[in-house]
Enquirer: 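Take a look at this one; I'll ask things after.
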Amino acid sequence: MQPLKGLTVVTLEHAIAAPFATRQLADLGARVIKIERPGVGDFARGYDSRVRGLASHFVWTNRSKESLTLDVKHPHANALLRRLVLEQADVVIQNLAPGASARLGLGYETLAAAKPGIIVCDISGYGGDGPYRDKKAYDLLIQSEAGFVSVTGTPDEPCKAGPSIADIAAGMYAYSQILAALLQRAHTGRGQHIDISMLESLAEWTSYPLYYAFDGAPPPARTGASHATIYPYGPFPTGGGGTVMLGLQNEREWVAFCDKVLQQPALAQDPRFAGNARRSAEREALRAIIIDAFAPLSAAQVVERLEAAQIANARVNTMAEVWDHPQLKARQRWREVDSPAGPLPALLPPGSWHEEPRMDPVPALGEHTDAILAELGLNAADIAALRTEGAI
């Protein structure tokens, strides 16, 4: 049995943070009813068309959901939404503009007065109060506000993360807090209001550089793909145009690296490189030595030496190489999900259970509207009238 089977989530969501949280609830068996704007839907549907005509972000975060189109500002549609929440929902999630859900009658205080067990999770850029409450927030902007961009990139240019990590962080905290609220409700019978801030989520993830820069100390330097404070730890070129990522964590590994990889055992006694702090301070000199030692070797030969010395290493894979990663294949992590564009590959969620997680289709816009409204007692004529009015 899927652990969240029988749980119903109603979500007013768009883009990434809330959809990422609700997709994971759906993975565990929850019924997730996604409210979308008629004719347009979640604006992430239009970000690109890279997945056989579908948007990459949308395919990633929206499998196993039901799509119900409602113009939530239309009085008839709004009444149906409130009925759906009060009659069926265990959890309501939204990442609309601050205050929008309360204006729709879906704020926690309003819903809890009628349904004390309801769990309401609000996701926003900066939280439900404070001077930044109404400030617009997108992933890159939060990466900047949280200080992440200031410690990422090269000495010449700060960089964002490739994936939308502020959204992902907020989605993960929403997901875990909802699970905790469900456990609490099982003991108390009462629901919970959860206020998730993207800024607070990413600031938590950026706490190592925050503490490194504690009390006015200089922050970690921007060092590209190399670690800012541990060395050697990062990418190194090899002969033939290859690149190998490697990392050392302790003195035992440093001695083995000098002996078996660089084949310069005396280097382990060089006082310039005695201890990580000195190696990090002298990284330019040490990098030159490593590059010179790797120059006659292919990437495969360097990896062979690293493996023999039990030094951690990795390939710098492209996206195409990740699709074909031998470890993901060996562990049988790929499945197929259906979609409006036909079957698509989908990665199993991290972790393993005796029962597989739910991996149902990515919905077409409004695909489940008629069926969900029929559950609320509307007949075909009622539904047709709402469609004529533009309410659905």
Side-chain angles (χ1 to χ4, degrees), residues 7-15 17-19 21-22 25 30-43 65-130 133-137 170 174 177-178 181-182 184-185 189-197 365-366 368-378 382-383 385-392:
L7 185 87
T8 297
V9 177
V10 174
T11 178
L12 290 83
E13 63 181 23
H14 55 81
T22 57
L25 296 171
R31 182 188 189 190
V32 176
I33 299 174
K34 181 182 180 79
I35 310 301
E36 299 195 72
R37 184 178 298 176
V40 179
D42 180 343
F43 55 70
K65 300 180 185 178
E66 300 173 38
S67 173
L68 166 62
T69 51
L70 291 175
D71 178 355
V72 295
K73 295 181 180 179
H74 189 289
H76 293 161
N78 182 265
L80 288 169
L81 176 57
R82 284 181 51 79
R83 275 191 60 199
L84 178 66
V85 168
L86 294 175
E87 292 177 18
Q88 296 194 24
D90 297 281
V91 180
V92 174
I93 303 174
Q94 65 85 22
N95 66 334
L96 306 176
S101 64
R103 291 192 294 272
L104 296 171
L106 298 174
Y108 174 72
E109 298 299 331
T110 300
L111 293 178
K115 192 172 186 176
I118 196 74
I119 295 167
V120 175
C121 180
D122 299 327
I123 305 174
S124 63
Y126 296 100
D129 56 9
R133 173 186 180 272
D134 296 316
K135 190 176 176 68
K136 283 194 173 182
Q177 296 263 344
I178 289 165
L182 289 167
Q184 183 186 58
R185 188 177 71 176
R190 295 199 61 83
Q192 184 64 253
H193 180 217
I194 302 166
D195 178 8
I196 298 289
S197 154
L365 177 61
H368 304 90
T369 298
D370 289 18
I372 295 169
L373 295 181
E375 292 178 29
L376 296 177
L378 279 68
D382 297 329
I383 295 170
L386 288 169
R387 191 163 276 120
T388 299
E389 294 175 15
I392 61 173

Enquirer: Which heavy atom of P98 sits nearest a heavy atom of D134, and at what distance?
Expert: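 Shortest heavy-atom contact: CB-OD1, 3.8 Å.
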Enquirer: Nearest 0.5 angstrom please: L104 CG to K73 NZ, how far?
Expert: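 So the gap between those two atoms works out to 8.0 Å.
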Enquirer: Roughly how far, to the nearest 0.5 Å, is CD of Q192 from CG of L182?
Expert: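 Answer rounded to 0.5 Å: 11.0 Å.
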Enquirer: Compute whether any side-chain donor of one residue and acceptor of the other, for Q88 and R83, lie under 3.5 angstrom apart.
Expert: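 On atom types as modelled, these side chains do not qualify, holding no pair under 3.5 Å.
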Enquirer: Closest heavy-atom contact between A89 and V10?
Expert: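 Taking every non-hydrogen atom into account, CB-CG2, 3.8 Å.
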Enquirer: Does the side chain of L111 reach to within under 4.5 Å of the side chain of L106, using non-hydrogen atoms?
Expert: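 L111 vs L106: side chains touch.
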Enquirer: Less than 3.5 Å apart, which donor and acceptor atoms pair up between the side chains of residues 117-129 and the rest of the protein, not counting sequence neighbours?
Expert:
{"residue": "D122", "atom": "OD1", "partner": "Q94", "partner atom": "NE2", "Å": "2.8"}
{"residue": "D122", "atom": "OD2", "partner": "H193", "partner atom": "NE2", "Å": "2.7"}
{"residue": "S124", "atom": "OG", "partner": "G127", "partner atom": "N", "Å": "2.9"}

Enquirer: Does the pair R185/D90 count as a salt bridge with the N-to-O cut at 4.0 Å?
Expert: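 A salt bridge links R185 with D90.
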Enquirer: For a quick test of reading the model, state the closest non-hydrogen atom pair linking G390 to D71 and the distance between them.
Expert: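 Of all heavy-atom pairs spanning G390 and D71, the closest is O-CB, 3.7 Å.
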Enquirer: Applying side-chain contact (heavy atoms from CB on, under 4.5 Å) to L70 and T369, what does each step give before you reach the verdict?
Expert: CA-CA 8 Å; L70 291 175; T369 298; 5.8 Å; no
Enquirer: State whether a side-chain donor-acceptor pair under 3.5 Å links T22 with K34.
Expert: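 The answer is no; no qualifying pair exists.
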Enquirer: Any salt bridge (Lys or Arg N to Asp or Glu O under 4.0 Å) pairs touching residues 105-118, not counting sequence neighbours?
Expert: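 Matches after skipping sequence neighbours: none remain.
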Enquirer: Given the rule in the side-chain contact (heavy atoms from CB on, under 4.5 Å) test, do L12 and L81 qualify, once you have shown the distances and angles that lead to the verdict?
Expert: CA-CA 10 Å; L12 290 83; L81 176 57; 4.1 Å; yes
Enquirer: Report yes if some heavy atom in the side chain of T11 is under 4.5 Å from a heavy atom in the side chain of V92; otherwise report no.
Expert: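 Side-chain contact under 4.5 Å: no.
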Enquirer: Where is the tightest heavy-atom contact between D42 and H14, given as atom of each residue plus distance?
Expert: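 For D42 versus H14, the nearest heavy atoms are OD1-CA, 3.3 Å.
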Enquirer: Could you give the distance from OG (S101) to CD1 (I93), rounded to the nearest 0.5 Å?
Expert: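 Spacing of OG (S101) from CD1 (I93) equals 12.0 Å.
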Enquirer: Determine the minimum heavy-atom distance between T110 and G105, stating which atoms define it.
Expert: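 Looking at all heavy atoms of both residues, the closest pair is CG2-O, 3.7 Å.
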Enquirer: Ignoring hydrogens and angles, tell me if any N or O in the side chain of H368 forms a donor-acceptor pair with the backbone of S67 under 3.5 Å.
Expert: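 Indeed, once roles are kept as given, a pair shorter than 3.5 Å links the two residues.
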Enquirer: Check whether any side-chain heavy atom of R82 lies under 4.5 Å from a side-chain heavy atom of N78, and answer yes or no.
Expert: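 When only atoms from C-beta onward are counted, N78 and R82 do touch, with a gap below 4.5 Å.
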Enquirer: Is there a side-chain contact between R387 and D382, using heavy atoms and a 4.5 Å cut-off?
Expert: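 Result no, sub-4.5 Å side-chain heavy-atom pair not found.
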Enquirer: Working to the nearest 0.5 Å, report the span between CG of L68 and CG of L373.
Expert: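 The distance works out to 5.5 Å.
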Enquirer: Can you name the closest pair of heavy atoms from I392 and I383 and give their distance?
Expert: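 Looking at all heavy atoms of both residues, the shortest contact is CD1-O, 3.5 Å.
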Enquirer: So, do R31 and I33 sit near enough that their side-chain heavy atoms are less than 4.5 Å apart?
Expert: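 A side-chain contact exists here, since the closest heavy-atom pair is under 4.5 Å.
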Enquirer: Verify, without hydrogens or angle tests, whether E36 (side chain) and T69 (backbone) share a donor-acceptor contact under 3.5 angstrom.
Expert: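 Looks like no, no N/O pair under 3.5 Å.
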Enquirer: Could you grab the distance from atom OG1 of T388 to atom CG of L386, nearest 0.5 Å is fine?
Expert: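 Result: 8.5 Å between the selected atoms.
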